[in-house]
Number of protein chains: 4
Amino acid sequence: MCPKITESHRHDLRQRLIDIALTSFSKYGYDKTRMEDIATTADVAKGTLYLYFKNKEDLFTAISERNIEKLKNHFITIFNNKEELISGLETFYKQFKNPDNKVFFEIVAESSRNSKLRQLLYEHRKKIIEMIIKYVDLQKSKGFLKKDLQSKTIAYILVAQYDGLRINRILGMNDEENNRVWIELIKKLFY
Amino acid sequence: MCPKITESHRHDLRQRLIDIALTSFSKYGYDKTRMEDIATTADVAKGTLYLYFKNKEDLFTAISERNIEKLKNHFITIFNNKEELISGLETFYKQFKNPDNKVFFEIVAESSRNSKLRQLLYEHRKKIIEMIIKYVDLQKSKGFLKKDLQSKTIAYILVAQYDGLRINRILGMNDEENNRVWIELIKKLFY
Amino acid sequence: MCPKITESHRHDLRQRLIDIALTSFSKYGYDKTRMEDIATTADVAKGTLYLYFKNKEDLFTAISERNIEKLKNHFITIFNNKEELISGLETFYKQFKNPDNKVFFEIVAESSRNSKLRQLLYEHRKKIIEMIIKYVDLQKSKGFLKKDLQSKTIAYILVAQYDGLRINRILGMNDEENNRVWIELIKKLFY
Amino acid sequence: MCPKITESHRHDLRQRLIDIALTSFSKYGYDKTRMEDIATTADVAKGTLYLYFKNKEDLFTAISERNIEKLKNHFITIFNNKEELISGLETFYKQFKNPDNKVFFEIVAESSRNSKLRQLLYEHRKKIIEMIIKYVDLQKSKGFLKKDLQSKTIAYILVAQYDGLRINRILGMNDEENNRVWIELIKKLFY
DNA sequence: GATGAATGAGAATTCATTCAT
DNA sequence: CATGAATGAATTCTCATTCAT
C-alpha cells in the first residue's frame, strides 16, 4: 500500500549498513572485518546483509563508491561556489580527521587488482580534475590568479598533493604542518 | 668456512623469499596471497617459510621494510649525489613502472592499524624529507635555487606529490602526463 | 458458492505447486531445489508454499505420492482394461520419456531412510502387483496365456524389470533396445 | 627414504575415508551427511578430508566409483568362472544385504544430472552386459542353455531385473520372495 | 635444517522457515 | 489469505601454522 515507505526504508537501511561497514573496514581492514560483526553492529542478522549486498566484495564496492563520492564532494566544497579560496581550506583540514581516510588506501590497493573499482576511481578523479580546471579558469579570467601554469597542471598537482598529505596524516605526521604545506602550495600555484 | 656459506645462504634465501612474497602480495593482495604459493614459487616447503619468518604478518613486515627501503633509495638516487636535478627525473618515471607501487598502498592501509609499521613508515619518511632538505639547502647555498619557500616545505610537497602521482599511475592515468606534472612542479618550486 | 470456488482453487493451486516442485526436484534434485525457486516459478510468495505444505519434506512427500500414483496409473493403463497386451506396450515407451523418472530414484533412495515414505512405496507396489496378478489370472482363465509361471512371479518380474529399464534410460542406454527387451520379456513370460 | 610406505599409507587412508563416507552416505543420504562427521568418524581433521578429495562432490564421485566397481565385481562372481550357474545365485542374495544398495539409487538419481557420473555408470553397465553375453554364449555353445533368446536380450533382462529387485529389497519386500523370483526368471531364460 | 601431512579455528554464504503487515 | 523481509542455524571449505620424520 505504501511502497514509498518500504522503498525509502530499504534505502535507509542500505545506507546505514554501508556506513557501519565503512567504519569497520576503516578500523580493521578488509580481511579482518567479519560480515557477522557488521551485522551485529547494525543489529540485523547476518543473512540480512546478503539481502542488500551480494557478497563481501560487493559490500566493499558499495563502500568504495560512497567513499569516492564523499571525496569528490569534499573537493566540490573546496573549489566550487567559492570566490575566496583560502577560506575554504579549513574544510580540507577537517577531512583529514575523517576515518574515511584509512579505507581510501585500501581502496587504492584493491583498485590495482580490480578493474571495475579502478575504473570507478579513475572516473571520479577525472571529474574532480575537470572541476578544478573549470574553477581555475574562472578565477584566471577574473584576473584573480596567475596564468603561468596550465590549469590542468594545477589540477593534477592539487589532487596528487592532497592524496600525498593524507598519507602523511595516516603516518601520524604533524597535521598543522600538513595543513601549512597545503596552503603554501596553493599560494605558490595561484598567486 | 662452512658456517659462513650457510650464513650467507640463509641471507640470500631470505631475500629471495621476500622478493617472491613481494611479487605475490603486489599481484593478489595480502589475504589472497597464500603462504603455500610463496613456498611453491620459491621451491621450498611451506614449513621452511616459518624458519625465516615467524608468521605471515612478520613476512609482511619484512616486505614493508624492503619496500620502504627501496622507496628511500629511489629518492636518494634522485636527490642525492646529483648536481643536476632534472636529469634525475627520468628515474622517477621508471619507478612508476615498478610493481612495488601496488603493495605500497596496502602497506599504508595496514599502517593505519599497525603502530609498528606506522612507526617504520614514519621514520623513513622523516629521513627522506631530511635528505631532501639537506639537498635543497645545498643547492640554495650554491645559488642554484630560489629561496622563497622553506626547504622543509619543498620537501613535504615533493614527497606528498610523489605519492599522489603513484596513485594516478595505479588508476591508469596517463603516465606522460604524470611525469610532465612532476617536472612542472619541480621547476615551479625550484627555479 | 464462494467457499466452493475457493476450495477448488486451493486444490488446484496445491496441484500446481506439486507439479512445479516435481519438475524442479527432477531437474536439480532434492537439496539443490530451493523453496524460493518453486514459489517464484509458481508466481506465489515463499510464505504461500507453507500454507500448502508444512515444510520442504512434506512437499517432497506430496511429490512422492503423486509420482507413485502416476506410476500406478501407468501400470493400470498397460494392464487394465486391455484384452490385447502388446498394443499397450507403446504406452510403456512413452513413460520412459517422462521426467518423473528421475525423481523416482531420489524417492527410492530417500525411502531407505524414511519409513513413512517406504511404507507408501511399499503399499503402492503391492497394489500394482495385485493388479497385474488379477490381470494375468484373467488372461490365463481365458486361455490367452501360458500357465507355467505363477501369476505372482510374473508380476514381480514385470515390476522389477520395469524399474531396471528405467535406470537404463536414465543412463542414456538406447531406448529402442530397452523397449525391445521389455517386449521380448513379456512374450517370453506370457506366450 | 621409503616413499612406498607413504604412498601405500596415502592409498589406505583414502580407501578408509571412502568406506566411512560410503557408510555415512548410505545411512543419511548425500545432503544430511556432513563432511565433519565423516572426518570425525575417520578420526582425522576436517581439513584432511580435503587433502584426499577436492570437495564433497568429488568424494561422492569416489564413492560412486567404488560402489559401481563392487557391483561389477558382484556380477563377475555370479557369471564368471562358473560352470554351474544356480549355485552362484546365493551370492546374489548376499549382495541384497549390503548397505551399498541404498547409496546406489542416490547415485542413479545424481547420474540423471551429472553427466560424468552418468558416463561412468553407463560404461560399467556396458561391461557387465558384455560379460554376461560372453558367459551366455559360452554356455550356449556347450549346449547347456536354450538358444531361443539373443544373449544380449538375456543380459539386458538380467541386469534390469537385478536392479529392480534391489528396489524391492529397499522397500522391505520379502527377500525370500525376491530371491525366488530371481531364480525363476533365470530358469525361464536359460533352461 | 627441511619437509609437507595433518590440523582445526575461522569465515562466508545459503536457505528453510517465520511472522508482522 | 498472501506476502516477502528478516532470521540464524547449519555447513562447506580455506589456509596459517605445527611438528613428527
Side-chain angles (χ1 to χ4, degrees), chain A residues 1-3 5-6 9-10 13 30-40 42-59, chain B residues 6 9-10 13 30-40 42-60, chain C residues 6 9-10 13 30-40 42-60, chain D residues 1-2 5-6 9-10 13 31-40 42-59:
Chain A
M1 331 251 133
C2 219
I5 287 172
T6 305
H9 170 260
R10 259 197 77 81
L13 180 49
Y30 182 84
D31 323 300
K32 295 223 188 84
T33 296
R34 287 154 63 245
M35 292 299 265
E36 175 140 39
D37 289 342
I38 296 172
T40 304
D43 230 352
V44 298
K46 240 180 312 173
T48 306
L49 234 44
Y50 289 87
L51 293 176
Y52 290 84
F53 308 97
K54 212 179 67 207
N55 50 35
K56 196 178 181 182
E57 202 187 313
D58 187 41
L59 175 55
Chain B
T6 303
H9 172 260
R10 257 198 77 80
L13 180 50
Y30 183 82
D31 5 275
K32 294 224 187 82
T33 295
R34 289 151 66 249
M35 294 298 265
E36 172 139 39
D37 289 342
I38 296 172
T40 304
D43 235 345
V44 298
K46 245 180 305 177
T48 306
L49 280 183
Y50 289 85
L51 298 174
Y52 290 83
F53 308 96
K54 210 179 70 205
N55 51 34
K56 195 180 182 182
E57 204 186 311
D58 186 41
L59 174 56
F60 184 70
Chain C
T6 304
H9 171 260
R10 257 197 78 79
L13 180 51
Y30 183 83
D31 4 274
K32 295 224 186 83
T33 295
R34 288 151 67 249
M35 293 299 264
E36 173 139 38
D37 289 342
I38 296 172
T40 304
D43 235 345
V44 297
K46 246 181 305 178
T48 307
L49 279 183
Y50 289 85
L51 298 174
Y52 291 83
F53 309 96
K54 211 179 69 204
N55 52 32
K56 195 180 182 182
E57 204 186 310
D58 187 41
L59 175 55
F60 184 70
Chain D
M1 328 252 137
C2 220
I5 286 171
T6 304
H9 170 260
R10 258 197 78 80
L13 180 49
D31 321 301
K32 296 224 187 81
T33 296
R34 286 154 63 247
M35 292 301 265
E36 176 139 40
D37 289 343
I38 296 173
T40 303
D43 230 351
V44 298
K46 237 181 316 173
T48 306
L49 233 44
Y50 289 87
L51 294 176
Y52 290 84
F53 308 97
K54 213 179 66 207
N55 51 34
K56 196 178 181 182
E57 202 187 312
D58 187 40
L59 174 54

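Note that the coordinates shown come from a computational prediction; the quantities given were computed from them, not determined experimentally.
- For the pair D:Asp37 CG and F:dA10 P, the interatomic distance rounds to 12 Å; values are reported in whole Å.
- Between the OH atom of C:Tyr50 and the C1' atom of F:dT3 there is a distance of 14 Å, given to the nearest Å.
- For the pair D:Met35 CE and F:dT14 C1', the interatomic distance rounds to 13 Å; values are reported in whole Å.
- If you check F:dA2, F:dT7, F:dG4 against the side chain of A:Thr48, the one that comes closest is F:dT7.
- Between D:Leu49 atom CG and D:Asp58 atom CG the span is 10.5 Å, to the nearest 0.5 Å.
- Residues B:Gly47 and A:Arg34 each lie close to DNA chain E; by heavy-atom proximity, the contact nearer the 5' end of the strand is made by B:Gly47.
- Both D:Ala45 and A:Tyr30 lie close to DNA chain E; mapped to their nearest nucleotides by heavy-atom distance, the more 5′-ward contact belongs to D:Ala45.
- Separating the NZ atom of B:Lys32 from the P atom of F:dC13 is a distance of 19 Å, rounded to the nearest angstrom.
- The separation between D:Leu59 atom CG and F:dC13 atom C1' is 14 Å, rounded to whole Å.
- Proximity of B:Lys56 to the phosphate of F:dA16: a side-chain N or O atom is located under 4.0 Å from OP1 or OP2.
- Looking at heavy-atom distances under 4.0 Å, B:Phe53 makes no contact with the nucleic acid at all.
- For the pair D:Glu57 CD and F:dC13 P, the interatomic distance rounds to 9 Å; values are reported in whole Å.
- Where DNA chain E meets chain C (any atom under 4.0 Å from a heavy atom), the bounding nucleotides read 5' to 3' are E:dC15 to E:dT18.
- Ranked by how close their nearest DNA chain F nucleotide is to the 5' end, B:Thr33 and A:Leu13 are led by A:Leu13.
- Map C:Leu51 and B:Lys54 each onto its nearest nucleotide of DNA chain F; the residue landing nearer the 5' end is C:Leu51.
- Taken together, the paired segments of DNA chain E that extend over three or more consecutive Watson-Crick or G-U pairs, each closer than 3.5 Å at both contacts, are E:2-21 with F:2-21.
- The CG atom of A:Leu51 sits 7.0 Å away from the CZ atom of A:Arg10 when rounded to the nearest 0.5 Å.
- Across the protein-nucleic acid pair, B:Lys46 atom NZ and F:dA16 atom P stand 9 Å apart, rounded to whole Å.
- Here the straight-line distance linking atom CG of A:Leu59 with atom CD1 of A:Ile38 works out to 5.0 Å at 0.5 Å rounding.
- Here the straight-line distance linking atom OG1 of B:Thr40 with atom CZ of B:Arg34 works out to 8.0 Å at 0.5 Å rounding.
- No engagement by D:Thr40 is indicated, since no non-hydrogen atom pair under 4.0 Å with the nucleic acid exists.
- A pairwise comparison of heavy atoms in B:Tyr30 and B:Lys56 identifies O-NZ, 3.0 Å as the closest pair.
- With rounding to whole Å, C:Glu36 atom CD is found 16 Å from F:dT7 atom P.
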